[in-house]
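Note sheet for the following structure.
Side chains included, hydrogens not; waters and symmetry mates left out as well; all remaining heavy atoms used.
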Amino acid sequence: MKKYNVAILGATGAVGMEMLKVLQERDFPIQELRLLASSRSAGKVVETEKYGSVTIQEAKDSAFEGVDIVLGAAENDISKRFVDAIKASGAAYIDNSSAFRMDPEVPLVVPEINPEDAFTHKGVIANPNCSTIITLVAINAINRLSPIEALYASTYQAVSGAGIKGPKEMYEQSRNILDGKDIECSTFPYQIAYNLLPQIGGFGENGYTSEEMKLQNEGRKILHLPELKVSCTCVRVPVERSHSISANVITKDRLDLEDVRKAISEAAGCKLEDDTEKNIYPMPIETSDQDLVYVGRIRRDLVCENGINLWCCGDQVRKGAATNAVQIAQLLISRD
């Protein structure tokens, strides 16, 4: 089996470390692994089960020479800083930041939905937003039954979506509240413990946040539905891991509920958890640390004749970020 030189840019962050974990779980054929981070982390040694001891290197232009695939887990500014060097090295760059998602020259890929788009890349492939991935994996089977014309969605996003500081702040606030102590807010603008924050990202002129607009803008590109209309509200909730989404899907044709359930149960990347008689439905606590999107609470909308309502949950660090990127890498090597 051919082996590849793989680099993780932003290797010491939550997503970067999860990428390393997923690479090992999936037995990705690696000849050389390069873990790239800031100068502060350079020289530290990471022990891996499959690839032995790996010393973290400083991310700089020369660090990408001889690399076949780069998995990006860094912020937008870092991604933009190194993209030219990565492309010059001849590597395929699978970027988890939002820097290039809406670039018409860059494919935006969810392997269960639009795998062929990955092979049109010109050096860069973008990984979609975490909530976008989870939502679209859940509703893609419906789109194949009948084109989706509109989507109403509310997201319930875990604190770990804000990075490793998110859970820490939630638990510290929870302890202080129970102990009658003052709390501090640094990662989030307001108290997150025992609270909900109806804002993720900055507000635009239309009153929607940047996070809320991603589902429409990215959804159009991934599903190849340029006229798709999405009205979304994103909410940060005091849950450690796994995002949840309530989705109202409006299709061109009226669909049979059993056809919808069957299609979702057979869809790649999905697990149907939908038995209200037994109180079976998706929950964040059961979808964490795995790669499937759980889908349930499937029912007909009571307002729109062609509407289907559902609830879905998925691990935003894994399928919503790290695993999706590794899956794209697996796609690329599948044709070698």
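- Once rounded to the nearest 0.5 Å, the distance linking OG of Ser174 with CD of Glu169 reads 10.5 Å.
- Considering every non-hydrogen atom in both Thr132 and Gly219, the closest pair reads CG2-N, 4.4 Å.
- Checking side-chain atoms of Asp336 against main-chain N and O of Lys2 turns up no donor-acceptor pair under 3.5 Å.
- A side-chain donor-acceptor contact under 3.5 Å links Ser146 to the backbone of Asp253.
- Arg318 and Glu25 are joined by a salt bridge, as a carboxylate oxygen and a charged side-chain nitrogen come within less than 4.0 angstrom of each other.
- Salt-bridge formation is detected for the pair Lys262/Glu266: a Lys NZ or Arg NE/NH1/NH2 atom is positioned less than 4.0 Å from an Asp or Glu carboxylate oxygen.
- A pairwise comparison of heavy atoms in Leu71 and Ala329 identifies CD2-CB, 4.4 Å as the closest pair.
- Counted by atom type alone, Lys319 and Gln290 present zero donor-acceptor pairs between their side chains at under 3.5 Å.
- Heavy atoms only, all atoms of each residue included: Val159 and Pro238 are closest at CG1-CA, 4.4 Å.
- No more than 12 heavy atoms of other residues, nucleotides or ligands lie within 6.0 Å of CD in Glu75, so this atom counts as exposed by the packing criterion.
- Nearest heavy-atom pair, Ile8 versus Leu20, reported as atom, atom and distance to 0.1 Å: CD1-N, 3.8 Å.
- Between Lys165 and Thr187, the closest heavy-atom pair is CB-OG1, 3.4 Å.
- When atom types are taken as modelled, the side chain of Ser41 and the backbone of Ser38 share no donor-acceptor pair closer than 3.5 angstrom.
- Under the 4.5 Å side-chain heavy-atom criterion for Ile, Leu, Val, Met, Phe, Trp and Tyr, Ile69 and Leu9 are members of distinct hydrophobic clusters.
- Ser79 places no side-chain N or O within 3.5 Å of a backbone atom of Asn76 that could act as its donor or acceptor partner.
- Under the 4.0 Å criterion applied to side-chain N and carboxylate O atoms, Lys122 and Asp103 are not assigned as salt-bridge partners.
- When the shell of 6.0 Å around CD of Glu49 is examined, it contains 12 or fewer heavy atoms from other residues, nucleotides or ligands.
- Hydrophobic clustering places Val110 together with Leu151 (ILVMFWY residues linked when any side-chain heavy atoms are closer than 4.5 Å, directly or through intermediates).
- In summary, Arg34 and Glu32 engage in a salt bridge, as defined by a charged side-chain N under 4.0 Å from a carboxylate O.
- Separation of the Phe203 and Tyr208 ring centroids does not fall under the 6.0 Å cut-off.
- Looking only at atom types and distance, the side chain of Thr155 has no donor-acceptor partner in the side chain of Ser131 under 3.5 Å away.
- For the residue pair His243/Asp315, the side-chain donor-acceptor check at 3.5 Å is not satisfied.
- Within a 6.0 Å radius of CD1 in Ile177, more than 12 heavy atoms belonging to other residues, nucleotides or ligands are found.
- By the criterion of side-chain heavy atoms lying less than 4.5 angstrom apart, applied directly or through intervening Ile, Leu, Val, Met, Phe, Trp or Tyr residues, Tyr51 is grouped together with Val6 in one hydrophobic cluster.
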Side chain to side chain donor-acceptor pair (under 3.5 Å) evaluation trace for Ser39 with Glu58
CA-CA 5 Å; Ser39 58; Glu58 181 180 357; 4.6 Å; no

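- A salt bridge links Arg335 with Glu116: the closest approach of a Lys/Arg side-chain nitrogen to an acidic carboxylate oxygen falls below 4.0 angstrom.
- At least one donor-acceptor pair closer than 3.5 Å links the side chain of Asn306 to the backbone N or O of Lys252.
- Put simply, Ile142 and Tyr281 are part of two different groups of oily side chains (I, L, V, M, F, W, Y) that touch within less than 4.5 Å, one to the next.
- Under 3.5 Å, the side chains of Arg241 and Gln316 contain no donor-acceptor pair of N or O atoms.
- Below 30°, between 30° and 60°, or above 60°: for Tyr4 and Phe28 the angle between ring planes is between 30° and 60°, a tilted geometry.
- For the atom pair Ile328 CD1 and Thr323 OG1, the distance stands at 11.0 Å (nearest 0.5 Å).
- With rounding to the nearest 0.5 Å, the separation of SG in Cys313 from CD in Glu286 is 7.5 Å.
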Please walk me through it: do Ile148 and Ile250 pass side chain to side chain contact (heavy atoms under 4.5 Å, CB included)?
CA-CA 6 Å; Ile148 295 173; Ile250 311 299; 5.9 Å; no

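- A salt bridge does not link Asp274 to Arg297: none of the charged nitrogens lies less than 4.0 Å from a carboxylate oxygen.
- No cation-pi contact links Arg236 to Phe188, judged by a cut-off of 6.0 Å to the six-membered ring centre and 45° from its axis.
- Around CG of Leu178, the count of heavy atoms belonging to other residues, nucleotides or ligands within 6.0 Å exceeds 12.
- Note that CD1 of Ile139 and CG of Leu145 are 12.0 Å apart. Values are rounded to the nearest 0.5 Å.
- Phe100 and Ile78 end up in the same hydrophobic cluster when Ile, Leu, Val, Met, Phe, Trp and Tyr side chains are linked at under 4.5 Å.
- Between Leu272 and Arg261, the closest side-chain pair of non-hydrogen atoms falls below 4.5 Å.
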Could you go through the side chain to side chain contact (heavy atoms under 4.5 Å, CB included) check for Val83 and Val124 one step at a time?
CA-CA 8 Å; Val83 65; Val124 181; 3.7 Å; yes

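- Under 3.5 Å, the side chains of Glu240 and Ser160 contain no donor-acceptor pair of N or O atoms.
- With hydrogens and angles disregarded, no donor-acceptor distance shorter than 3.5 Å links the side chain of Thr276 to the backbone of Asn279.
- A salt bridge is absent between Lys271 and Asp291: the closest approach of a Lys/Arg side-chain nitrogen to an acidic carboxylate oxygen does not fall below 4.0 angstrom.
- Rounding to the nearest 0.5 Å places CD1 of Ile298 at 10.0 Å from SG of Cys312.
- The number of heavy atoms from other shown groups lying within 6.0 Å of CD (Glu227) does not exceed 12.
- Rounding to the nearest 0.5 Å places CG of Leu196 at 14.5 Å from OH of Tyr190.
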Check against side chain to side chain donor-acceptor pair (under 3.5 Å), Ser246 and Ser154:
CA-CA 5 Å; Ser246 172; Ser154 292; 5.7 Å; no

Taking it one step at a time, do Arg300 and Arg254 satisfy side chain to side chain contact (heavy atoms under 4.5 Å, CB included)?
CA-CA 10 Å; Arg300 191 167 303 287; Arg254 180 179 170 87; 3.3 Å; yes

Run Asn127 and Val109 through side chain to side chain contact (heavy atoms under 4.5 Å, CB included) and show every step you take.
CA-CA 6 Å; Asn127 217 37; Val109 176; over 6 Å; no

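- Checked for salt-bridge contact, Glu218 and Arg101 meet the test: a charged N lies under 4.0 Å from a carboxylate O.
- Looking at Asn140 and Glu112, their side chains never bring a donor and an acceptor atom within 3.5 Å of each other.
- Put simply, the side chain of Gln24 gets close to the backbone of Lys50: a donor and an acceptor are under 3.5 Å apart.
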Tell me, with the steps shown, if Glu211 and Gln199 meet side chain to side chain donor-acceptor pair (under 3.5 Å).
CA-CA 9 Å; Glu211 185 81 0; Gln199 177 192 357; over 6 Å; no

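- Heavy-atom neighbours of Ile164 CD1 from other residues, nucleotides or ligands within 6.0 Å: at or below the threshold of 12.
- Under 3.5 Å, the side chains of Glu184 and Gln173 contain no donor-acceptor pair of N or O atoms.
- Of all non-hydrogen atoms in Cys234 and Cys232, the two that sit nearest each other are SG-SG, 3.8 Å.
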